Number of protein chains: 2
Amino acid sequence: MGIDAAPTTDRRHRRREETIREIVDVAVELMGEHGAAGLSLGDVARRMGIRTPSLYGYFDSKNALYDAVFEQGWRQLADDVTVRWALPADESRRVSRDELAEFALAAATSFARWGVEHPAYAQLMFWRPVPGYEPSAAAYAPAVDVSTRGVKAFEELRDRGLLRADVDLGEAFRQWTVLIAGVVSQQLSNAPHESFDDGTFTRGLPQLVAMFLQFYGPAPRARRTR
Amino acid sequence: MGIDAAPTTDRRHRRREETIREIVDVAVELMGEHGAAGLSLGDVARRMGIRTPSLYGYFDSKNALYDAVFEQGWRQLADDVTVRWALPADESRRVSRDELAEFALAAATSFARWGVEHPAYAQLMFWRPVPGYEPSAAAYAPAVDVSTRGVKAFEELRDRGLLRADVDLGEAFRQWTVLIAGVVSQQLSNAPHESFDDGTFTRGLPQLVAMFLQFYGPAPRARRTR
DNA sequence: GTCTATATGACGATAGAC
DNA sequence: GTCTATCGTCATATAGAC
């Protein structure tokens, strides 16, 4: 173990991580072309210019690769939604209820948009399309994290008055996921080639969010006219 | 062409239909065990006690079999929902709004229940899990029929006062399908082994229907207290 | 209509040389 | 780490005997 043993290890490690990342990206690319269940290791290797067995230096099995895709998908989605959804952290009352509602819609929209625009990931993350594969606990972790942070965000929305004080946050968040999963699922199943902005189902998302907020929100107030 | 040519033809025809039906049923059974995309013709033949090539006397390809499953699924679902959802056809005003709401909930429930309790069909009908397969126009017909009848039912619900007079029925029905597809999809993806009655997501369906009716229904009226 | 036999090819995965 | 070679399995589909 010379003086540069550690740096060498790091460099090798970094290179390895890059290769792993490339395998996952190519896999996602191919899943987009042939469907999540249509992935083949031969195709992955071919597109990378290597041989199939070389992949086994990085993944123990095909399902391990699916696991990496699943995990990376949730990480990307989490990043994407977090970036687009930053609640103004200033004094609570400076943010009007309408503004909060817009933040909620923005969060729902960025989530659904990511799903529709990344159908390969979405199939694996929101459905169960691959026989014999189900995500490991480790791969699930980022998904759980998204959920946890979602409930926390709901808590804040409640404290700031967008949701009624007496709502069950866990239940409300679950219903929230049903709405978004429903939109993504219907769009991808029935009209996968439509863009998010023009989608038959995605265009209804603002209404669904309004529906949700009317139900879980506080005031009886003035009636929407449409 | 003897006098019994027609009966003989009929008998043969009937026998053939029975075999086709059996193939489809076995296929659904296996899809339930290995996932929709995990279906293999060898397994189908084995379970029927015949050889794989014999299947080609009834279906031109594996995708043709998927098509038959898809079509039969929508037919069964349509029958199931129709049986459970018979709007009282008497004088309109004899049926209270609460009763109409219960009918709507019953329809949603029977639909979602069928999906959750027939996951093999549901995967194929609501998702796109099989690489290279997409339903033919013929297979889609019963699905379109369900949709058409759904919109008609919504029309009646509007005429009877459960929905506001100015709602866009097509849009409302689409949102309705999003809610139900969302429930089925979330339940099957995240907790496929839970029963419909105890399902984490299915249990929220009544709330979703209430949410929907509050949004698309008429009266501002008294506020729900939960 | 159902069978045997077979064509043809892909797949995931492993062994062992370099 | 990547390769060649290969194992064993399974797939869809066809040809032709019975």
Side-chain angles (χ1 to χ4, degrees), chain A residues 5 8-24 26-31 33-70 124 129-134 136, chain B residues 5 7-24 26-27 29-31 33-70 124 129-134 136:
Chain A
T8 301
T9 302
D10 277 2
R11 200 156 50 238
R12 281 190 188 153
H13 188 259
R14 200 164 49 245
R15 174 104 173 83
R16 183 178 170 80
E17 293 300 313
E18 280 168 15
T19 306
I20 288 178
R21 175 64 186 246
E22 189 190 345
I23 294 172
V24 172
V26 169
V28 170
E29 202 177 297
L30 287 164
M31 286 164 61
E33 296 170 24
H34 305 123
L39 181 67
S40 102
L41 297 183
D43 282 346
V44 174
R46 203 166 356 245
R47 189 158 297 192
M48 289 180 68
I50 62 173
R51 305 290 162 175
T52 308
S54 305
L55 294 173
Y56 284 82
Y58 303 92
F59 293 98
D60 288 339
S61 69
K62 191 183 181 183
N63 279 353
L65 175 52
Y66 276 126
D67 236 25
V69 172
F70 185 95
L124 197 65
V130 181
Y133 168 68
E134 56 179 333
S136 68
Chain B
T8 300
T9 303
D10 277 4
R11 200 157 50 235
R12 281 191 190 153
H13 188 259
R14 200 165 49 243
R15 175 101 173 83
R16 184 177 169 79
E17 293 300 313
E18 281 167 14
T19 305
I20 287 177
R21 175 63 187 246
E22 191 191 345
I23 294 172
V24 171
V26 170
E29 203 176 297
L30 287 164
M31 284 163 62
E33 296 170 23
H34 305 123
L39 180 66
S40 103
L41 296 185
D43 282 345
V44 174
R46 204 169 354 249
R47 189 158 295 191
M48 289 180 69
I50 63 174
R51 306 289 162 175
T52 307
S54 306
L55 295 173
Y56 285 82
Y58 303 92
F59 293 98
D60 289 338
S61 69
K62 194 183 181 184
N63 278 353
L65 175 53
Y66 277 126
D67 235 27
V69 172
F70 185 95
L124 197 66
V130 182
Y133 168 69
E134 56 180 333
S136 68

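Hydrogens, waters and symmetry mates are skipped; everything else that's a heavy atom, side chains included, is used. Given the structure is predicted, the values throughout are model-derived calculations rather than measurements. Just so it is clear: chains get the letters A, B, ... in the order the sequence lines come, proteins before strands, and each one is counted from 1.
Residue L65(B) is out of contact with every strand shown, counting any heavy-atom pair closer than 4.0 Å. Residue T52(A) is out of contact with every strand shown, counting any heavy-atom pair closer than 4.0 Å. Within the nucleic acid shown, Y58(A) comes within 4.0 Å of sugar-phosphate atoms alone, with no base atom in reach, counting heavy atoms only. Across all strands shown, G57(A) has no heavy atoms under 4.0 Å from either base or sugar-phosphate atoms. In this structure, R16(A) reaches the sugar-phosphate backbone alone: every heavy-atom distance under 4.0 Å involves primed, P, OP1 or OP2 atoms, never a base.
With rounding to whole Å, F59(B) atom CZ is found 13 Å from dT2(C) atom P. The distance from atom OH of Y66(A) to atom P of dA13(C) is 11 Å, rounded to the nearest whole Å. Atoms CG (D60(B)) and C1' (dT14(D)) sit 13 Å apart, rounded to a whole Å. One interatomic measurement links the two molecules: CG of L55(B) to P of dA13(D), which rounds to 11 Å at whole-angstrom precision. Atom CZ in R15(B) sits roughly 9 Å away from atom P in dG1(C) (whole-Å rounding). Rounding to whole angstrom units, CG of residue L41(B) and P of dA11(D) are separated by 8 Å.
No donor-acceptor pair closer than 3.5 Å links the side chain of Y133(B) to the backbone N or O of L124(B).
Atom CZ of R51(B) has 12 or fewer neighbouring heavy atoms from other residues, nucleotides or ligands inside a 6.0 Å radius. More than 12 heavy atoms of other residues, nucleotides or ligands lie within 6.0 Å of CD in E17(A), so this atom counts as buried by the packing criterion. Heavy-atom neighbours of E29(B) CD from other residues, nucleotides or ligands within 6.0 Å: above the threshold of 12.
Taking only side-chain atoms of Y56(B), from C-beta outward, the nucleotide of dC3(C), dT14(D), dA13(C) with the closest atom is dT14(D). Checked against dC3(C), dT12(D), dC3(D), the side chain of R51(A) finds its nearest nucleotide in dC3(D). Minimum atom distance to the side chain of P53(B) is reached by dC3(C), of the listed dC3(C), dC3(D), dC11(C). For K62(B), taking side-chain heavy atoms from C-beta onward, the closest of the listed nucleotides dC3(D), dC3(C), dA11(D) is dA11(D).
Taking 4.0 angstrom as the limit, S54(A) places none of its side-chain polar atoms (N or O) nearer than this to OP1 or OP2 of dG1(D).
Between the CD atom in E22(B) and the OH atom in Y58(B) there is a gap of 9.5 Å [rounded to 0.5 Å].
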